[in-house]
Amino acid sequence: MIRLRLPAAGGPGGAAPGTGRAGRTGRAVDTALDTAVDAAVDAAVLLFAVWTVVYHLGLLLRPPTWALLACWLGVSAAGAAAWALRRRRDGPGDGPLWPEPAATRSPAFPRALALVAVLAGVVAGFCAGLQTSGAPWWCAWAFGLVSASASASAACLLLRRSPAGGPSAQDEPSAHESSAHESSSRENSPHEPPARALAEPGGPVEAGTSASRWGTPLALATAAGFSVASLFIVNSDGDDAYFVSRSVATAALGRIPFKDTIFTSGATGPIAGEPPVSSIEVLAGSLARVAGVPAASFVYYVLLPAVTFIAVWAAWRLSRAWAPRRAAACFAVAAVYLLWSGLGPASLGSFHLLRMWQGKAVMVSALVPLLYVHLTRWAERRTRRDLAMLAACGVAATGLTSSAAFVLPLAVGAAAIPLIASGRVRTGLAACAALAYPVAAGLVVTLQDHDTTVTGFVGDASDDFRWVLLHSAPGVLAGCALWLAPWTARRGVPALAGAGVAAVTTLLLLPGVLHLAADVTGAGQVLWRTMWIVPAPVLIGLLATVRLPLPAAARSGGTGVLGAVAAALPAAALAVTMIVGGTPLWSAENGSLVASRPSWKLPAEQVGTARAVVDLARTGGVVVMPQGYMRAVPLLTARVHAADPNTHYLGNLPVPARFVDDRRVLTAAVRRPGGWKPALADIEGALHRVGVVVACAHPRDLRGLSLLEQAGLSGRRRVGQLVCLFAGHGPRTP
């Protein structure tokens, strides 16, 4: 049976035998910092979970946002007071919810099974990452299936070979063993077979005894650096036309926007496939209204660096929870992977540093790692607090994106099913508390007949892997890390979770699975987000913790130069591979630019020109510009609208075909100087039906400007980088 354990005596960060007073003091400081920041992050998750519940009640009652904020603060304060009173009455202790019998060690089993799993995982990883170089995709999923099956067979074999007198299928195994003995057994067994990663008890949760004392300062510095960098890197994303515009409309109206705010002032229904489940945009708009600052500025200058810090810290927490040793090296490699994963707009790095203000990016970058951390804590401690945090993660994820309805069940199932299969039935079933809220929200949306169909291209499994986990060197590393996770993660719960993630992902990559899910759910265009259950940065970091074989003299020395070099070599090799084979997030090749000062996530020239055009437009009017400039309009105001700031959302708007066609005609008229232009009659009719008050084109687009003038616009005037024409009697004086 797979063996698990509670944290050893001494708690996280306990000093190894022989550590000096200075070392013990430094480690105590690091542990205190970890605990303090962990508590702050957990408090943020709880606060956002409370806000999400309040927001969803607001969808029914429709109060003003100040009332929602007041209710949120009141409920949060009451909850904090109740928690403080309980701690004062019962003490700080939070013991397990049910007792466990003493643990026994699992017997060994043939190494051949582990060897098959590891070799098949390496082959699958290389084939998946090199698919763009001609590697057959069937090799990736076939060998991945072999690897996942071998890892599952290893767990089942251990379960069948449990000693007589070991825990039964309904009992919960534990081990109250000496931390010194555990550390010694790990350090003095360099030839430990990989199978023992699934078999032996795990180390302390979130800060194993082998963690470097420099890990916490490194994590804090990295989180702060990422937060600052997020203010300067500009990589525009068309989805802001929806996400940021909800915050802008909330700040302007003082109420939850229930209908379309991108193209009209609520004259049409909401965008299809975007049910009003996520609460983060309304929270940002409500706080911006109270603070008296533009909503987009609040999102980009306050929310973005805050959630970026939390996401980096979440990677550090998962590294501490899952790394069997050298958690700092694991985290450092994970950070390098994030920085150099700019091979595509759907990579985990692109959804981290470049897009963290969007709720879906917060979920994949912060909530998914935190979910795995709390799943690990729950399985190893089983305290009420851990169970409450699991449930809060589910609520918070729902408030970030409607995609939580299918991403969280996969992630929780990847950890809960192996726990149940290993005999920890109550623990595995209780972990499903994280599913209650997102699944309930999805059912409510379905029962209320919200249109959840998302139109667009539906990729197959190879596309999804390439988009999210990338290709070439980064894809090879991600693939190998995925299928080797059961053997590189800390033994016990992390190894079980790694096996579950590998198995679930492999099933998703099998031919026809995602297309079947697309046909059943109607969410085909976004089902590539199922790959978000893979915490690839940390899994790649776990490869840096693999021990290299050393001579006996180097092993016995412990702190020799050879041992230090061997310990650092895997991390250095992984980092160099990522830097050489990856693409920096801030590079022009990735569509990014580095601003000289904190900036909105659009080129400053586009924002400035769009703002000037909005100032010249009449209240409630529609403006037409090249699409890059129209993207900025929903970020600036809720009273003036752009004809087509995002074609994807325009196509999903529940309106007559004429509404969509008119806006596409106007967009084509000013798109670029060369190329096709619509007929004059079509432009003239579209201008009248849409209610355009200002239409602008590039100065070199003489044909477009001439067509606009012939269609009835006049008062040609240079505005920023564009030349504009006006309806009626010319521009309004600002």
Determine whether Val538 and Cys330 satisfy the following criterion, side chain to side chain contact (heavy atoms under 4.5 Å, CB included), listing intermediate values before the conclusion. CA-CA 7 Å; Val538 173; Cys330 174; 4.1 Å; yes
Assess whether side chain to side chain contact (heavy atoms under 4.5 Å, CB included) is satisfied between Ile533 and Val368, documenting all intermediate values. CA-CA 7 Å; Ile533 69 170; Val368 169; 5.8 Å; no
Decide yes or no on side chain to side chain contact (heavy atoms under 4.5 Å, CB included) for Leu348 and Val534, but give the supporting numbers first. CA-CA 10 Å; Leu348 296 178; Val534 182; 5.9 Å; no
Please determine whether side chain to side chain donor-acceptor pair (under 3.5 Å) holds for the pair Trp532 and Ser403, giving the CA-CA distance in whole Å, both sets of side-chain angles, and the decisive distance to 0.1 Å. CA-CA 10 Å; Trp532 286 354; Ser403 296; over 6 Å; no
Might you work through the side chain to side chain contact (heavy atoms under 4.5 Å, CB included) test for Lys601 and Asp237, ending with a clear yes or no? CA-CA 8 Å; Lys601 302 313 170 185; Asp237 185 71; over 6 Å; no
Step by step, would you call Trp483 with Thr506 a side chain to side chain donor-acceptor pair (under 3.5 Å)? CA-CA 9 Å; Trp483 281 295; Thr506 303; 2.8 Å; yes
For Thr376 and Trp322, what are the C-alpha separation, side-chain angles and deciding distance, and is it a side chain to side chain donor-acceptor pair (under 3.5 Å)? CA-CA 8 Å; Thr376 303; Trp322 280 17; 2.9 Å; yes
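Although no hydrogens or angles enter the test, the distance criterion places a donor-acceptor pair under 3.5 Å between the side chain of Ser347 and the main chain of Ser341. Of the possible polar contacts, one joining the Asn646 side chain to the Gly238 backbone as a donor-acceptor pair under 3.5 Å is found. Judged by distance alone, with hydrogens and angles left aside, the side-chain atoms of Ser227 form a donor-acceptor pair with the main-chain N or O of Pro305 at under 3.5 Å. Distance alone, capped at 3.5 Å, places no donor-acceptor pair between the Ser350 side chain and the Ala346 backbone.
One finds no salt bridge joining Asp240 and Arg631 here, because no Lys/Arg side-chain nitrogen approaches an Asp/Glu carboxylate oxygen to under 4.0 Å. Using a 4.0 Å cut-off between a side-chain N of Lys or Arg and a carboxylate O of Asp or Glu, Asp464 and Arg529 do not qualify as a salt bridge. Using a 4.0 Å cut-off between charged nitrogen and carboxylate oxygen, Asp38 and Arg377 do not count as a salt-bridge pair.
Applying side chain to side chain donor-acceptor pair (under 3.5 Å) to Tyr629 and the options Gln606, Glu605, Gln721 leaves one that passes, Gln721. The side chain to side chain donor-acceptor pair (under 3.5 Å) test with Asp239 is passed by exactly one of Lys360, His648, Arg355: Lys360.
A ring-centre distance under 6.0 Å is found for Trp586 and Trp340.
Within a 6.0 Å sphere centred on CZ of Phe309, heavy atoms belonging to other residues, nucleotides or ligands number more than 12.
The distance from atom CZ of Phe406 to atom CG of Leu527, rounded to the nearest 0.5 Å, is 5.5 Å. Atom OG in Ser151 sits 8.0 Å away from atom CG in Leu113 (nearest 0.5 Å). Here the SG atom belonging to Cys127 is positioned 10.5 Å from the CZ atom belonging to Phe465, to the nearest 0.5 angstrom.
Aromatic ring orientation, Trp600 versus Tyr300: tilted (interplanar angle from 30° to 60°).
Defined by atom type and a distance below 3.5 Å, a donor-acceptor pair is present between the side-chain atoms of Trp316 and Asp34.
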